Structures are given as C-alpha cells and as structure tokens.
Number of protein chains: 2
Amino acid sequence: MLKQDTTFVPDEAPVSHLHKVKSTSADKTSITLADQILVQIQTSIIKGELPAGSKINEQALAEKYGISRGPTREALQTLERQRLVVRAPHVGARVAQLTVSELNDLYQLRSVLEGMACELAASRITPEQLAKLEDLLATQEAALAKGDTYFQEEGDVDFHYQIIQASGNKHLQETLVGGLYHLLRMYRYQCTNKNRPVKAIAEHRRIVEAIAQRDGELASLLMRRHIEQGRKNTELRLIELQANAAAKETLANIS
Amino acid sequence: MLKQDTTFVPDEAPVSHLHKVKSTSADKTSITLADQILVQIQTSIIKGELPAGSKINEQALAEKYGISRGPTREALQTLERQRLVVRAPHVGARVAQLTVSELNDLYQLRSVLEGMACELAASRITPEQLAKLEDLLATQEAALAKGDTYFQEEGDVDFHYQIIQASGNKHLQETLVGGLYHLLRMYRYQCTNKNRPVKAIAEHRRIVEAIAQRDGELASLLMRRHIEQGRKNTELRLIELQANAAAKETLANIS
DNA sequence: AAATATTAAATTGTCGACAATTTTATTGTT
DNA sequence: AACAATAAAATTGTCGACAATTTAATATTT
C-alpha cells in the first residue's frame, strides 16, 4: 500500500523569488491523496478497466489503493464533475455509460466550444504559443511517419488542448478541459479507429495555418468540420461495439 | 447558534432525471445533509452574505449549520463545480471573486451556449414546452405591469432555463445549469439594474416567436444579442461597484 | 526597526467507527 | 412455482479524533 513518505528530495526548479509564482495547479507531484488516486481511477475508467456502466464500490476502491473512504469519495465526486461517473444519493456511483445519443450530444457541444476556441485563438494567440503549436504539429507528423499510434492519440489531445489554452477564456477552458474532455477521451479510447490519424493531422495543419493567418472564421469552420469527422468515426465504432455486446448478451441468455 | 428557518427554500433543484424507471421514492425532505446545506450556502453566496473573495472556514461553516465537516466539505466541492467557490489544497476555500474580465469570459461563453440552445430548441421544442414557455412569458409581462421585481428576476432565470431544457442536449444542459448558471446568478444578483427588465421581456417575446416559427438562426441571433445587452448592463454596475469598494478602501487606509 | 528564522496556533487532510438507507436473502402465503 | 412481506447483509452517509500542513505570532539577527 502506499504510505506517504515525501522524502524524495530532488528539488526542482530554482524558482526565482522575485515575483510570486501564482501557477494555478499541477506543479507538485503529491498534493493530496484524493488527487493522486483521482488520476489513477481516471485512466482505469478511460481504458475500460472499470467497465462502462459498472457499479463502483467505495470500500473496495479505497482498499485497492490502500486509503480510506474519505479521499476516495472526494475523488469520486471530482470524477462526477468530469462526467466519468454518475452518482445517486444512498445508491452509489457507476461508471458512465457510453451511448450513441450521448456521444452525439457531447460532440455537438464540443464542436461549438472548440469552434469558439479557434475564433478566439486566432485573434489572441501569442507568437510563443503559435510556435509551440507548430512544433507539436511537426512532432505529430513525425510520429505518424513512424506509426507510433499511442503518441498520435496523446498528440491529438495536446493539439486541441493548446488551442483551447490560446483562446484565453478561462471559463471556456474550464468547461472543456475540466468538464468534457475526460469523457471525450473515454469514448475515443474505447472506440478508436487506428487508420484515421492520417487525415486528421492534415486537418490539424490547415487549422493551424488559419489561426496563424488570424482567420478565426475559417479556423472555426475547419475545426468544426474536423470534429465532425471524429464524431462519425467514433459513432461507427461505438455502434459496432454495442452490437457485439448485445449479441454476446443474447447468447448468454440462451444458454 | 443557528436561527435557520427551514421554510425558505429557493427551489433551483430540478435536475433532469429523465429516464429513471422506478422513481418510487417520494421526494422527502431528507436527501442528504450535503445537499441540504448546499442550497443554503449557495444563496448566501449569491446574495453576498458571504462576500465575494472572502475566506470560508470549514469548521465555522459546519457549526453554523449544526453538522460535521464531512458533508460541509462535500457541499464545498459541489460549490466549486458551480464556480461559486475556489479551493486550493491545504489552503482552503474562498468565495469566487467578481471581476470584469471574468464577467466577460463568462458571458461570452454563455452567449455561445445559449445561442446553440436556441438553435436546437427551434427544431426540437414540443408543443407542450412551447405552451409552457408562452405561459411564462405572459406571467412575466403581467409581473412587469405590477412592478414585481423579484419575480421578474426569477422569471428571467426560468425563461432561459426552459429554452435550455427544450434544446434536449443533456451535456449542454448540464454545462449551463450545473456549471455556469449559479455564478451568473451571483453576478446578476449583486450587479442588478432594476430598470432593465422592461426591454428584456420584449426581447424574450421576440425570441419565443422565432422559436415558435422554427427559425433557429434568428432565435440564436436574438438570444445572443439579448445576452449581450445583459452583459453590458452588468458590467456597468460591476465597475461602479468596484469603484465604490476601492474608494472605501483608500479611505480606510488614510484614516 | 526591518528582515529572517523559529515556534505556536489554526486549518485542512485522513482515518476508523457508527448510523441511516438500500440491496439482497429468507420466509410465508396464495 | 410466483408473489409479497420480513429479516439479514451490504453499502452509503455522518461523525469525532488525530495527523499533516499552512498561517499567525514570537523570537533572533542584521
């Protein structure tokens, strides 16, 4: 089990004391138990190790990570905010279910929000942010050539994330990154289609070009179209997946 | 101790549990302690009884409502999801600060989202929902004639809420109602301008007409314009309010 | 006296136990 | 055997106590 010995010392950044560092979060590695297990449960859910729709037992989960129910409960509530679990009073938590109709709702919303992000980013992005974005794009294209599918996935998340970041709208960021993005990753992880990235990255390039030219309207349009492509892809795989599950169930009922 | 008259219930809990087959549980008043105090703290914050930016002490808050820190903590986390509270590990919770830049971010996002809601509502609204909406509008106009400002405020919230509901997009609903709306109410309550509703309700009527005619594009445009009016109004009052606060502070520093 | 280091107090994070409620198992009746 | 009522088990909600950390107060050095 994990007991907290924070004795690992390799003290990091020689932060200048000149100006107050006011980073919002995510600098230290071990803040709180709830935060630590949060990311672990997150990935368990996204990867499907905790199956979609399955019941979550607080006690069992707490024991699995060697902690008490307090922090576990807190992590569960955060997961609820991220749409990865659904909780009901006195009844408990379940892993979110993946349905076609919800997928469409989700992507429809995402499309509008990331379109907005593009429009803002086109007018507000800094040269540094733009350079970073183009770097990422280059890396992605390189990864594509090598066939590194895992990095492609991560790179795609980063791509969208950086544009959202460049929008500069705090509430938009929070809504997308803190609210919708995790569920999105779950759909994408479990309904992924390996041979799509080829086109996706080309679309990324066009979006970045539009942003670089400060053409927010075009960037927004391209982004919405790009996301719609992703939706179609994911929807197809999801339908396929649910058909399999249904077939398996009827089989079990017969025997 | 607490002189809390439990009769004051600021509704605002109609979460959509749409497909719940066996909802036999009659809504007794005893759901969960966290939920109960949640709405109380909510209204305290929105009304400014807990001032914007002020520190929140878990212990004190728990004692005020005569419960332990557990449920209090949970309520605080929900408040964080609703953007009414900002928390940091080991340092605690503060009531959200009201700033002009955040107000603009918030309204910009809201504008896009409610525009989307209008577009969807125009194509999906049912006759029953439309009738209900027109009823509300009539009631609002009546209240306006009588000068009932409190109901006007509540009515406005209801108006937007019903359109969001009619959009039928679950994630959109959750994002607006569960995420942004509470903070919005806080801004509006504390930066309200009494003589605006006259025009606002006329704008409401035009939006409903557009929806009734299934003209989503127009409805969306009118809604975004309507919200922009609200933003301007609120921004003016907020600047005024902050100027006062600043003046008071310098005065205190001098003496 | 100002700035820094040290100590004390207050506050948040975590735990284990118990109470309230739901879910499952059992019993009895038709 | 199916159904309803009852009892047992499991699970969630709440509490109070203690540990870890931050904030305030005090002492020390320049």
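Chain identifiers are assigned alphabetically (A, B, ...) following the order of the sequence lines, protein sequences preceding nucleic acid strands; residue numbering begins at 1 within each chain. Here the structure is a predicted model, which is why all the values come from computation and not from measurement.
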In numerical order, the residues of residues 81-88 of chain B whose heavy atoms come under 4.0 Å of DNA chain D are none
A:Arg69 atom CZ is separated from D:dA10 atom P, nearest whole Å, by 15 Å
Sorted by chain and number, sequence neighbours left out, side-chain contact (heavy atoms from CB on, under 4.5 Å) with B:Gln59 holds for B:Asn57, B:Glu63, B:Arg69
Here the distance between atom P of D:dG16 and atom CD1 of B:Ile67, to the nearest Å, is 11 Å
Hits for salt bridge (charged side-chain N to carboxylate O under 4.0 Å, His left out) against B:Asp105, two or more places apart or cross-chain, chain-then-number order -> none
Distance test, side-chain N/O of B:Thr32 to OP1/OP2 of D:dT14, below 4.0 Å: yes
So CD of A:Gln165 and CG of A:Leu133: to nearest 0.5 Å the spacing works out to 11.5 Å
Could I get a table of every N or O pair under 3.5 Å where one atom is in the protein and the other is in nucleotides 5-11 of chain C?
unit_1, atom_1, unit_2, atom_2, d
C:dT11, OP1, B:Asn57, ND2, 3.2

Rounded to whole Å, the CD1-C1' distance (B:Ile37 to D:dC15) equals 14 Å
Between CD of B:Glu74 and P of D:dT14 the distance, given in whole Å, is 7 Å
Residues at least two apart in sequence or cross-chain that pass side-chain contact (heavy atoms from CB on, under 4.5 Å) with B:Glu80, listed by chain then number, are A:Arg81, B:Gln77, B:Arg87
B:Asp135 meets the side-chain contact (heavy atoms from CB on, under 4.5 Å) criterion, sequence neighbours left out, with none
Taken in chain and number order and not counting sequence neighbours, the residues that satisfy side-chain hydrogen bond (donor to acceptor under 3.5 Å, both in side chains) with B:Ser111 are none
To the nearest angstrom, the CG-C1' distance between B:Asp35 and D:dT14 comes to 14 Å
A:Gln77 atom CD is separated from D:dT12 atom P, nearest whole Å, by 15 Å
The complete set of ring pair (Phe, Tyr, Trp, His ring centres under 6.0 Å) pairs with one or both residues in residues 173-193 of chain A, sequence neighbours excluded, reads none
Here the gap from B:Leu238 atom CG to B:Thr234 atom OG1, rounded to the nearest 0.5 Å, amounts to 8.5 Å
So the ring pair (Phe, Tyr, Trp, His ring centres under 6.0 Å) pairs with at least one residue in residues 152-178 of chain A (sequence neighbours excluded) are A:Phe159-A:His204, A:His160-A:His204, A:His160-A:His226
Here the distance between atom P of C:dT21 and atom CG of B:Leu33, to the nearest Å, is 10 Å
